[in-house]
K.L.:
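For reference, the structure I am asking about is given below.
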Amino acid sequence: MLDLVWLIPALPLAGFLLLALFGPRLSRRAVALVGAGVVLASAVVSWLVAYSFLTSPPPGASYTQNLWTWMDVAGFQPRMALYLDPLSLVMMLVVTSVGFLIHWYSTEFMAGDEGYSRFFAYMNIFVASMLVLILGDNLLLLYLGWEGVGLSSYLLIGFWYTDPANGRAARKAFYVTRVGDTAMSVGLFLLFTQFGTLQIQDLMRKAHDQWGMVPPGGIATAAGLLLLGGACGKSAQLPLQVWLPDAMAGPTPTSALIHAATMVTAGVYLIARTHVLFEISPTAELAVAVVGAATLIVAGFSAMTQWDIKKSLAFSTISQIGYMFLALGVGAWSAAIFHFVTHAFFKALLFLGAGIVIEACHHEHSMFKMGGLRKELPVAFWTFTIGGCSLAGLPLVTAGFYSKGLIIWSAYASKGGALGLWAAAVFGALLTSIYTFRMIFLTFFGEAKSEVVKRPGTAMKVPVMILAFFAVVAGFVETPGFLGGVRVFSDFMSQALPDAVPRGSLAMSEWGSEAVVTLVFFAGLVIAYYFFLKKPALQEFVTAPAAGRALHRFWFSDWGMDWLYDKVFVQPILWFARINKSDFIDAFYGAVAAVTRALWVILRSTQTGRVRWYAAVVVAGTVLFVALALYL
Amino acid sequence: MPFFHDHILSIILFTPLAGMVVLLFIPGENKNAIRWWGNIVMFAGFLVSLPLVFWFGQEPAKEQLFKFTETHSWIASIGAEYHLGIDGISFLLVMLTTVLGFLAVLSSWTAVEERAKEYYSMFMLLDVGMLGVFMSLDFFLFYVFWEVMLVPMYFIIGVWGGPRKLYAAIKFFLYTLAGSVLMLLGILTLYFRYAKDTGHTTFNLLDLMSHSHAWPFAMQVWVFAAFAIGFAIKVPMFPFHTWLPDAHVEAPTAGSVILAGVLLKMGTYGFIRFSLPLLPQASADPTVVKVMVWLSIIAIIYGALVSMMQRDMKKLIAYSSVSHLGFCTLGIFALNPHGLSGSVIQQINHGISTGALFLIVGLIYERRHTREIKEFGGLSNVMPRYATLFMIVMLSSIGLPLLNGFIGEFTILQGAFEVQWQWAAWAVAGIVLGAAYMLWLYQRTMFGPCENPKNQALKDLNLREMMTLIPLIVWAFWIGIYPKPFFNVLEAPVKQIVETVNPSFGTHASAKVRLNPQPAAEPASAAPGRRVAQTASRRAGVAH
């Protein structure tokens, strides 16, 4: 059964080719069948493969399928090969399953759109690339998927291409992630130069053997940091997070699939996949943790100030991926992947719910113009609330509580943990709770401000209900010791990723940590309740003073980073390009030509045709030469 | 068949010439016949080169690594011979030439009405010159073809060009001629020196190469400089690039395709075929390498920056060529197998991608008679097929994996990194900027609302127009998905060049290339004696 694994990326790829070549000629029904059908088929194959993987595990808990040798140049021989282990298996299941639900939802959501087949073609190529990224056996193949998802992200953000603003957002996403990608590619050059292979498992083994024994040099750290750079670009972490809020210009299912559930977690996957490098270099690992902790707080504040429901969710995504980075950075590898799984469910759910709301309200994005939708859109309300509770971590019952709680605890108790990281994560949880309930209260409670013009049909309702189910139960596969101590997930992951190593002598127990998390959850809920439902005047009270208003604007604008990058990078480059439009190097050659021309003019004027003049010049010349010969 | 097999290079070389002779007998008024004949001849030129693809792998090398060689005496008194042969490097470039030659002519079907007979004959002559350059194993013969090439290109720009065609044509001619003259001096220096050393006068490249290590270093440096200027103008490398934008802007579409696709490769080919093997010590001198590499890196970044703000689509692509060719020269002067084979692949890639880009601009120019970016916008609404093909070509140009550009860039940068990580670190900036100007160009022309009334009724591509692009796109995917056969034919010649130029490289398995843990970062003002030590330690670092 495992040898079917090649079908998993191949099916969506086939869907893409079919839709790209014949899409405009197919009926909408056929397009929907192909577009969503191939992803369903891919999901079914994934589950079959997973079943076979679990029931009869391959030796070493990994399976490699070699397809062909991509290129072969002087020892550089990357293969086209797929690698299946618990890590890629989990990622693959989430991508195909959540991917299918979102495709299903899209068949209705995009129904009225002119570019129906184009949309599904792009979505399919995205799923195919994402699966290549996950299943790639070497870093070059991973990089191929990495760029492929970047391209589909670009195409889908700019999907409604007649509006230039969407094009701008799409290009911004492409440029910013490409900055990260180039860092990553330099990292690949470095690794290949060091070890002569890009095959991930070989690479990790060699890195461990060569660098693991001696105290790590700067090179290991450099390799880790370069990969981190790539991860920051793709996963929208500081300082490269600026593209994700703008990426919300794409259709909402795109935001759910690419910019929440799957693609943006590619960085998490990359770091988990190359965890050996980070274990070797504590500096690089600490950098991952710090990036994660800083991002989760920075984005949390920004999420609190957005009026656009999708942008608020986008900042929330940045912040939640910050948690995953934090987990990676403290060595809690499986906790990061656990949070990836639960986040994929609840964040996809929240985006799809937001899509229902936005469609219902005349494509209005502002939460302040919604309100009171609780009764009009019950399915959206309940599922969105479940998703929100999972995001904010409603204790005991939601998946988010378990995955986030584990990360927060690991931030303190793991080998790389520290009280400061723990405090940052707890503070982030408070922010999460505030902005989540702010969203829920503004959108679904209070007085109705907008009439509902469109209600979701089955194809939109069923996927969100399924996701809501998983947003609750997905957490029960891994629970803290005092709540049953289920370790199904981390046991499975431990075949691919090392267990988190606890550090000694802790002043706090896991129970204590979870209690604090529970406390901040309710604190956030209460704050949001007072500010956005009970006493909206409180908002005025905070934002009225100049300082409050400035801070609000600062957070709203993503801490001014767009402005900063514009001033520091974009403007100088454009300035130089503008003043040098006509290429000043050419001025030199122009000058050569001008001098030649000037000499021509001067010399030409001596050629007058008058014999007396010539004779006079000849005499003068002779005199001059004689004089020179005599006196020098 | 044996005759065909043994003389295949001559047949490929003279097919266009024979076609041109026949063309001269077709009356000038009969434009249709001329068009058909032009296309048939160029297609035949491609067809006769096609057997090489099947034969090249099995064919045993006859002289060193060169296959299908032919030798006839020509001007015996000075030792010049008619001597042809190809190795893997020239094989790929010959194929590029025959493919692009046909596609360029096919794209001119409706674009050229005026003086059609002269136009097609110029293209055939140009084809002969280009093929000859890649096939010659005799320095004299090479020089003849090199100069033959110049004349038809001059006329193509000067007669069928745009408003400033004379300016551009003369600029092109003077620039290249200046380079050629210096190159001739270099060739003669080697020729006379060889005659003096061995008492034997020959322009035979293989003989000259076998003698290369006996040449004094100072002479090598001078000859290298003479060659380098000639080739650098052709590439063009920064700061010799300013003829290129003018030539491209004024040249007709097919002229631009050939110019970018094949003519620029003469320079890079020259470096690989002549500078490196004939002048190995000069080519590997740290100062020389440093100059060439940094000029390449400047070209990568500078070309991209200037490209960004151009208003004319052709000028934008012309400057992007400067940037892309910078990668090729960077790869060459990494002087290791990755850099060199990446460079040759990237030369092919650039021919495919930029050739296709010029075809794309030509298609829209034929419809609108303008190339101003601001005249366009939202074309994907009216020309969906055009938009799709443009998108693929653009992605190939910015180096997206699964398409050709990525393979070349990645291999070159890997090669550069192995020598000095800073080179790769600077050059990747060009990749980011490359995405910037290309995506922006695509945005401004293809996306957005289609507001200009002149664009709203534009016709999408017809079959002939699609056929000019599709072969290139197929080729681009081929290199992107399965580049192995391309690298395979390059392996032997690249290995030989590296062994000549960089002898300490590859004494160990090349896969075990190690980065020097402590790069020999000595001050530039080191004493001469220390510089030798530095070279040695740098090489040792590479070869560990």
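Protein chains get the first letters and strands the later ones, always in sequence-line order, with residue 1 at the start of each.
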K.L.:
List the steps and the verdict of side-chain hydrogen bond (donor to acceptor under 3.5 Å, both in side chains) for B:Gln414 and A:Thr193.
P.N.:
CA-CA 8 Å; B:Gln414 175 65 46; A:Thr193 310; 3.1 Å; yes
K.L.:
By a 4.5 Å heavy-atom criterion (distance strictly below it), what part of B:Asp246 contacts chain A: side chain, backbone, both, or neither?
P.N.:
side chain
K.L.:
Measure across A:Tyr175 and B:Ala435 and return the closest heavy-atom pair with its distance rounded to 0.1 Å.
P.N.:
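In terms of heavy atoms, the two residues are closest at CE2-O, 3.7 Å.
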K.L.:
Using a cut-off of under 4.5 Å for heavy-atom pairs, which of B:Thr411, B:Leu490, B:Val432, B:Thr388 has the most such pairs with chain A?
P.N.:
B:Val432
K.L.:
Taking every non-hydrogen pair under 4.5 Å, which of B:Val428, B:Asn488, B:Leu174 racks up the most with chain A?
P.N.:
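Answer, by heavy-atom pair count under 4.5 Å with chain A: B:Val428.
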K.L.:
Counting only heavy atoms not in A:Trp160, do more than 12 sit closer than 6.0 Å to its CH2 atom?
P.N.:
yes
K.L.:
Checking B:Trp243 against chain A: side chain, backbone, both or neither under 4.5 Å from a heavy atom?
P.N.:
neither
K.L.:
Return the option, out of B:Ile407, B:Val306, B:Asn381, with the maximum number of heavy-atom pairs under 4.5 Å with chain A.
P.N.:
B:Asn381
K.L.:
Quick check: A:Tyr589 with B:Tyr175 (ring centres under 6.0 Å apart)?
P.N.:
yes
K.L.:
Do B:Leu439 and A:Phe174 come close enough that some side-chain heavy atom pair is under 4.5 Å?
P.N.:
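In contact.
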K.L.:
Report, as yes or no, whether the 6.0 Å neighbourhood of atom CD on A:Glu114 holds more than 12 heavy atoms from other residues, nucleotides or ligands.
P.N.:
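Not buried by this count: 12 neighbours or fewer within 6.0 Å.
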K.L.:
What part of A:Leu151 is in contact with chain B, defined as an atom under 4.5 angstrom from a non-hydrogen atom: side chain, backbone, both or neither?
P.N.:
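The side chain, not the backbone.
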K.L.:
Kindly determine whether B:Phe238 and A:Ile585 satisfy side-chain contact (heavy atoms from CB on, under 4.5 Å), including the steps that lead there.
P.N.:
CA-CA 9 Å; B:Phe238 181 90; A:Ile585 300 293; 3.6 Å; yes
K.L.:
So for A:Trp68, is it side chain, backbone, both, or neither that comes closer than 4.5 Å to the heavy atoms of chain B?
P.N.:
side chain
K.L.:
Would B:His338 and A:Phe192 count as a side-chain contact (heavy atoms from CB on, under 4.5 Å) if you check the C-alpha gap in whole Å, the side-chain angles of each, and the deciding distance to 0.1 Å?
P.N.:
CA-CA 12 Å; B:His338 289 142; A:Phe192 182 79; 3.5 Å; yes
K.L.:
Taking atom CG of A:Leu190 and atom CZ of B:Phe417, what is their separation to the nearest 0.5 Å?
P.N.:
4.0 Å
K.L.:
Does the side chain of A:Asp586 pick up a donor-acceptor pair with the side chain of B:His241 at under 3.5 Å?
P.N.:
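The criterion, which ignores hydrogens and geometry beyond distance, is not satisfied for B:His241 and A:Asp586.
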K.L.:
Got B:Tyr482 and A:Trp70 here, is their nearest side-chain heavy-atom distance under 4.5 Å?
P.N.:
no
K.L.:
Chain B: which of A:Trp146, A:Phe189, A:Phe588 shares the most heavy-atom pairs with it under 4.5 Å?
P.N.:
A:Phe189
K.L.:
Nearest heavy-atom pair of B:Ser380 and A:Tyr161: which atoms, and what distance?
P.N.:
OG-CE1, 3.2 Å
K.L.:
Looking at A:Arg178, A:Glu147, A:Arg578, which makes the most heavy-atom pairs under 4.5 Å with chain B?
P.N.:
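Sorted descending by pairs with chain B, the first entry is A:Arg178.
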K.L.:
Any side-chain heavy-atom pair from B:Pro449 and A:Pro164 closer than 4.5 angstrom?
P.N.:
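Of all side-chain heavy-atom pairs linking A:Pro164 with B:Pro449, at least one is under 4.5 Å.
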K.L.:
Taking the side chain as C-beta and beyond, is there a heavy-atom pair between A:Asp583 and B:Tyr319 under 4.5 Å?
P.N.:
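With C-beta onward as the side chain, the pair touches.
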K.L.:
B:Gln310 side chain to A:Lys581 main-chain N or O, any donor-acceptor pair under 3.5 Å?
P.N.:
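Yes: the side chain of B:Gln310 pairs with the backbone of A:Lys581.
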K.L.:
Decide if the gap between the ring center of B:Phe406 and the ring center of A:Tyr143 is smaller than 6.0 angstrom.
P.N.:
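Under 6.0 Å, so yes.
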K.L.:
Taking atom NZ of B:Lys484 as the centre, does the number of heavy atoms from other residues, nucleotides or ligands within less than 6.0 Å exceed 12?
P.N.:
yes
K.L.:
Are the side chain of A:Arg171 and the backbone N or O of B:Trp440 linked by a donor-acceptor pair below 3.5 Å?
P.N.:
no
K.L.:
Using side-chain heavy atoms (C-beta onward) and a distance below 4.5 Å, is B:Phe410 in contact with A:Leu140?
P.N.:
yes
K.L.:
Can you establish whether the number of heavy atoms outside B:Arg311 located under 6.0 Å from its atom CZ is more than 12?
P.N.:
no
K.L.:
Would you check if B:Leu395 and A:Tyr154 make a side-chain contact, meaning some heavy-atom pair closer than 4.5 Å?
P.N.:
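With C-beta onward as the side chain, the pair stays apart.
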K.L.:
I'd like to verify something: which residue of B:Gln443, B:Met308, B:Met391, B:Lys171 has the highest number of heavy-atom pairs under 4.5 Å with chain A?
P.N.:
B:Gln443
K.L.:
Output the option from B:Leu402, B:Leu413, B:Leu400 having the highest count of non-hydrogen pairs under 4.5 Å with chain A.
P.N.:
B:Leu413
K.L.:
Against chain B, label A:Leu155 side chain, backbone, both or neither, depending on which of its atoms sit under 4.5 Å from a heavy atom there.
P.N.:
side chain
K.L.:
Identify which part of B:Arg444 has an atom lying under 4.5 Å from any heavy atom of chain A, answering side chain, backbone, both or neither.
P.N.:
neither
K.L.:
Please flag which part of B:Ile398 lies under 4.5 Å from any non-hydrogen atom of chain A: side chain, backbone, both or neither.
P.N.:
both
K.L.:
With side chains defined as the heavy atoms from C-beta onward, is the minimum distance between A:Phe576 and B:Met309 less than 4.5 Å?
P.N.:
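The answer is no; the side chains never approach within 4.5 Å.
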